[in-house]
Amino acid sequence: MTSETTSAPDSRPIRVRIAPSPTGDPHVGTAYIGLLNYIFAKQRGGQFVLRIEDTDRTRFVASSEQMIFDALKWVGLTWDEGPDVGGPYGPYRQSERTGIYREHADILLANNTAYRCFCTAEELESARERQKAARQPPRYDGHCRRLTPEQVAANLAANKPHVVRLSVPLEGSTTFRDELRGDITFDHTNVDDQVLLKSDGYPTYHLANVVDDHLMRITDVIRAEEWISSTPKHVLLYNAFGWELPKFWHMPLLRNVDKSKISKRKNPVSLVYYRESGYLPEAMLNFLGLMGGGMAQPTEEEIVSKHLNTKEGDIFSLAEMLEKYDFKRISLGGPVFDLVKLKWLNGEYIRKLSPDAFFAALRHTILSDDYIQAIAPLIQARIDTLGQFGDMTGFFFSDNVLPPETVWLPKKRTFEDTVAFAAEQLATLEAAAWDAASIETTLKELGEAKQWSVKENFMLLRAILTGSTTSPPLMESLIVFGKSRSLDRLRRFLETQKKLANQRK
RNA sequence: GUCCCCGUCGUCCAGCGGUUAGGACACCGCCCUUUCACGGCGGUAACACGGGUUCGAAUCCCGUCGGGGACGCCA
């Protein structure tokens with residue numbers, strides 16, 4: 001049995017969506033995929049939908065949704081339908097659609113394309129271990145698929161917690177068309193019986209995304225490449241419901257410098273970081289547009305007729321992207337998110353600003369009243385003339401703060417131990433809520449566990465953050481400076497020390 | 001490990017069977033300049049490898065190698 005794709009007829013009005021998950025800071029990848037979806041819709045007179053995929057209640061972060069809205073608006077992307085603006089196919093928050101998913105799971109249960117599974121997390125875990133040990137691909141063994149109706153009824157009567165799994169055909173394969181790559185085939189022996197409905201009653205991405213994309217009349221699914229391997233499950237689901245397939249466009253993944261999938265351990269990924277560090281949204285959007293190569297470079301004739309500088313081919317606005325971006329041009333190699341080039345591009349945008357606009361940009365970010373007002377109380381008692389303001393607050397306004405070893409290395413500690421401890425501080429702070437009490441508590445716990453005195457512990461962090469052993473209060477400084485920039489400073493410190501250590505070898 | 005995707009300068013892109021393989025960032029040099037930056041000019045630097053197909057391959061096909069992703073009651 002082989003499933004064939006049938007593409008949506010081109011007569012349907014184009015509708016695309018971006019579906020971020022509110023699990024933390026808004027991600028550059030979200031802006032990247034959002035931009036692409038936005039361009040795709042606008043070029044075709046279509047609609048761009050924002051859907052919040054908040055079905056993982058364990059990773060849910062309450063403040064995240066608003067940050068996602070703000071970040072997308074900051075880069076200049078607006079959506080036609082979404083949780084905040086509504087629309088004809090709402091609600092647009094998946095947590096508000098759980099009834100819909102349950103109904104649809106029932107449809108699959110009824111037509112035998114899904115089954116209930118009563119296996120516990122522990123059982124699954126040990127099965128996975130066994131498979132790994134036997135060098136088998138980790139897959140669900142299909143135990144509950146073979147349950148008799150009587151056994152299922154008994155389990156249900158006993159109120160046993162369970163999930164609903166997709167019943168993937170044992171034989172055959174599924175082929176789907178990727179609009180950028182052509183046909184892709186997966187043998188069903190390589191497609192797992194994916195959980196569709198979790199035991200807490202929430203759907204997994206796979207069910208929710210298929211149901212919502214259909215109900216919301218999405219015609220083109222433009223998402224990251226990491227989804228290719230689960231697309232056969234989605235195709236199977238569309239078929240199980242008897243629904244028409246959308247078109248799939250899998251975009252190459254943004255990469256760290258080492259080519260791995262972009263991640264916060266290796267690269268700043270929070271849009272909040274870029275905003276607070278003084279990147280201009282136009283530059284960010286331009287840079288994301290450069291990734292993947294969908295923009296044609298100007299021809300020689302254009303360069304001559306429009307008197308373009310050769311570098312102008314890399315500089316373009318959202319309006320120009322709308323006009324010229326061509327999805328068929330996208331190159332499939334994963335582009336490295338190169339901060340060096342982003343910085344250059346941002347510089348180009350800064351230089352183009354009128355003096356008034358440049359001043360305004362400063363006053364909206366690094367020199368905003370809010371920022372200075374937050375800093376002022378930290379140093380009021382510590383200066384004697386207003387002219388000394390900058391002496392103690394420079395680190396709040398600097399990008400590169402790299403203290404020498406004489407400043408950050410405690411007398412009784414070795415280089416290696418100290419760098420290792422700073423890495424622990426980073427991990428601890430990453431997980432911390434950003435308020436003084438939380439930061440202080442978690443840091444002290446770390447210090448106790450690792451036998452670092454409070455003084456050594458806090459002084460190290462102070463040195464890394466401020467570049468000095470004399471500074472305004474640490475907790476308050478961290479909070480005013482902001483989580484994303486503080487963590488970035490710590491990461492850059494570690495990176496620099498690692499490089500220096502390697503050079504010495 | 002299994003499956004899938006990908007493969008042009010260090011990085012981002014151009015190239016679609018015939019080019020001295022082009023541009024941008026970065027780097028280096030020169031010019032401008034009281035400094036730095038900006039700007040201008042120039043330079044170093046790539047078709048992963050091996051087989052085909054072809055009069056001719058960076059371009060088409062196959063294999064190898066390399067990189068990446070997925071393999072969760074995460075998205």
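Residue numbers begin at 1 in each chain, while the letters A, B, ... track the order of the sequences. What you see is a predicted model; the values in this text were computed from it and never measured.
Annotation: B:rG43 and B:rU35 have their P atoms spaced 26 Å apart (nearest Å). The gap from the C1' atom of B:rG15 to that of B:rG52 amounts to 23 Å, rounded to the nearest Å. Taking atom P on both nucleotides, B:rC5 is separated from B:rU19 by 32 Å, rounded to a whole Å. When the P atom is compared between B:rA37 and B:rA26, the two are found 12 Å apart, to the nearest whole Å. Comparing the same atom, C1', in B:rU11 and in B:rU44 gives a spacing of 16 Å after rounding to whole Å. The gap from the C1' atom of B:rC13 to that of B:rC74 amounts to 34 Å, rounded to the nearest Å. When the P atom is compared between B:rC60 and B:rG69, the two are found 26 Å apart, to the nearest whole Å. Atom name P, nucleotides B:rC30 and B:rU20: the rounded distance is 32 Å, in whole Å.
Among the atoms of the strands shown, only primed sugar atoms or phosphate atoms (P, OP1, OP2) are found under 4.0 Å from some heavy atom of A:S21. When heavy atoms are screened at a 4.0 angstrom cut-off, A:M291 is found touching the sugar-phosphate backbone but no base atom. The residue A:G347 sits apart from the nucleic acid: no heavy atom pair falls under 4.0 Å. When heavy atoms are screened at a 4.0 angstrom cut-off, A:R139 is found touching no nucleic acid atom at all. Residue contacts shown for A:P138 include a base, since a base heavy atom lies under 4.0 Å away. Within the 4.0 angstrom heavy-atom criterion, base atoms lie near A:V163. Using a 4.0 Å heavy-atom criterion, one finds that A:S331 contacts the sugar-phosphate atoms exclusively. Within 4.0 Å of A:T189, counting heavy atoms only, lies no atom of the nucleic acid at all.
Of the two residues near RNA chain B, A:L197 and A:V336, the one whose nearest nucleotide lies more 5' is A:V336. Taking the nucleotide of RNA chain B with the nearest heavy atom to each of A:R351 and A:T23, the more 5' of the two is matched to A:R351.
In this structure, A:F316 places its CZ atom 14 Å from P of B:rC25, rounding to the nearest Å. One atom, CZ of A:R177, and another, C1' of B:rC5, lie 16 Å apart when rounded to the nearest Å. Atom-to-atom, CD of A:E125 to C1' of B:rG72 comes out at 9 Å; the value is rounded to the nearest Å. Between the NZ atom of A:K261 and the P atom of B:rA75 there is a distance of 13 Å, given to the nearest Å. Atom NZ in A:K343 sits roughly 18 Å away from atom P in B:rC12 (whole-Å rounding). Separating the CG atom of A:D187 from the P atom of B:rC5 is a distance of 13 Å, rounded to the nearest angstrom. Atom CZ of A:R329 and atom P of B:rG15 are 5 Å apart (whole Å). A straight line from CD1 of A:I262 to P of B:rG67 spans 20 Å, rounded to a whole angstrom.
Nucleotide B:rU2 forms a Watson-Crick or G-U wobble pair with B:rA70, both donor-acceptor distances falling under 3.5 Å. Checking B:rC47 for Watson-Crick or G-U wobble geometry (two distances, each under 3.5 Å) identifies no partner in any strand. Remark: B:rU11 base-pairs with B:rA24; criterion is Watson-Crick or G-U wobble with both hydrogen-bond distances under 3.5 Å. For B:rU54, there is no paired nucleotide, since no Watson-Crick or G-U wobble pair has both relevant distances below 3.5 Å. Nucleotide B:rA37 forms a pair with no other nucleotide shown, judged by Watson-Crick or G-U wobble geometry with both contacts under 3.5 Å. Taking a pair to require two hydrogen-bonding distances under 3.5 Å in either a Watson-Crick or a G-U wobble arrangement, B:rC32 remains unpaired.
A salt bridge does not link A:K498 with A:E495: every distance from a Lys NZ or Arg NE/NH1/NH2 to an Asp or Glu carboxylate oxygen is 4.0 Å or more. Of the charged side-chain nitrogens involved, at least one lies within less than 4.0 Å of a carboxylate oxygen, so that A:D192 and A:R139 count as a salt-bridged pair.
Put simply, A:R128 has a side-chain N or O that comes within less than 4.0 Å of OP1 or OP2 on B:rC73.
The listed nucleotides are B:rC6, B:rC25, B:rA75; the one nearest the side chain of A:R181 is B:rC6. Each of B:rA24, B:rC5, B:rA75 was ranked by its minimum atom distance to the side chain of A:W344; first place goes to B:rA24. Proximity note for A:F186 (side chain, C-beta onward) versus B:rA75, B:rC3, B:rG68: the nearest is B:rC3. Side-chain proximity of A:Y205 to the nucleotides B:rC73, B:rA75, B:rA26 is greatest for B:rA75. In this structure, of B:rC25, B:rG69, B:rA75, it is B:rC25 that holds the atom nearest to the side chain of A:K311. Closest to the A:I184 side chain, of the nucleotides B:rC5, B:rA24, B:rG69, is B:rC5. Comparing B:rC6, B:rU2, B:rG72 by their closest approach to the side chain of A:N190 singles out B:rU2. Of the candidate nucleotides B:rG72, B:rC25, B:rU11, B:rU11 has the atom lying nearest to any side-chain atom of A:K259.
Here the two rings, on A:Y205 and A:H234, have centers that are under 6.0 Å apart. You'll find the ring centres of A:F241 and A:H104 inside the 6.0 Å limit. No close placement of the A:F40 and A:F48 rings is indicated, their centers lying 6.0 Å or farther apart.
In the interface, the side chain of A:T204 is not paired with the base of B:rC73 through any donor and acceptor atom under 3.5 Å apart. The base of B:rC74 is paired with the side chain of A:R59 by a donor and an acceptor separated by under 3.5 Å. Checked by distance alone, A:K341 brings a side-chain donor or acceptor within 3.5 Å of a matching partner on the base of B:rA24.
The side chain to side chain contact (heavy atoms under 4.5 Å, CB included) test with A:L237 is passed by exactly one of A:L196, A:V211, A:T113, A:N209: A:L196.
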Practice prompt. Decide yes or no on side-chain contact (heavy atoms from CB on, under 4.5 Å) for A:Y140 and A:C117, but give the supporting numbers first.
Written response: CA-CA 10 Å; A:Y140 181 60; A:C117 172; 3.3 Å; yes
Item to complete: Mind running ring pair (Phe, Tyr, Trp, His ring centres under 6.0 Å) on A:F337 and A:F287 for me, showing each step along the way?
Response: CA-CA 9 Å; A:F337 190 91; A:F287 183 65; 5.0 Å; yes
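Among all heavy-atom pairs drawn from A:A283 and A:L342, the shortest one is O-CD2, 4.3 Å.
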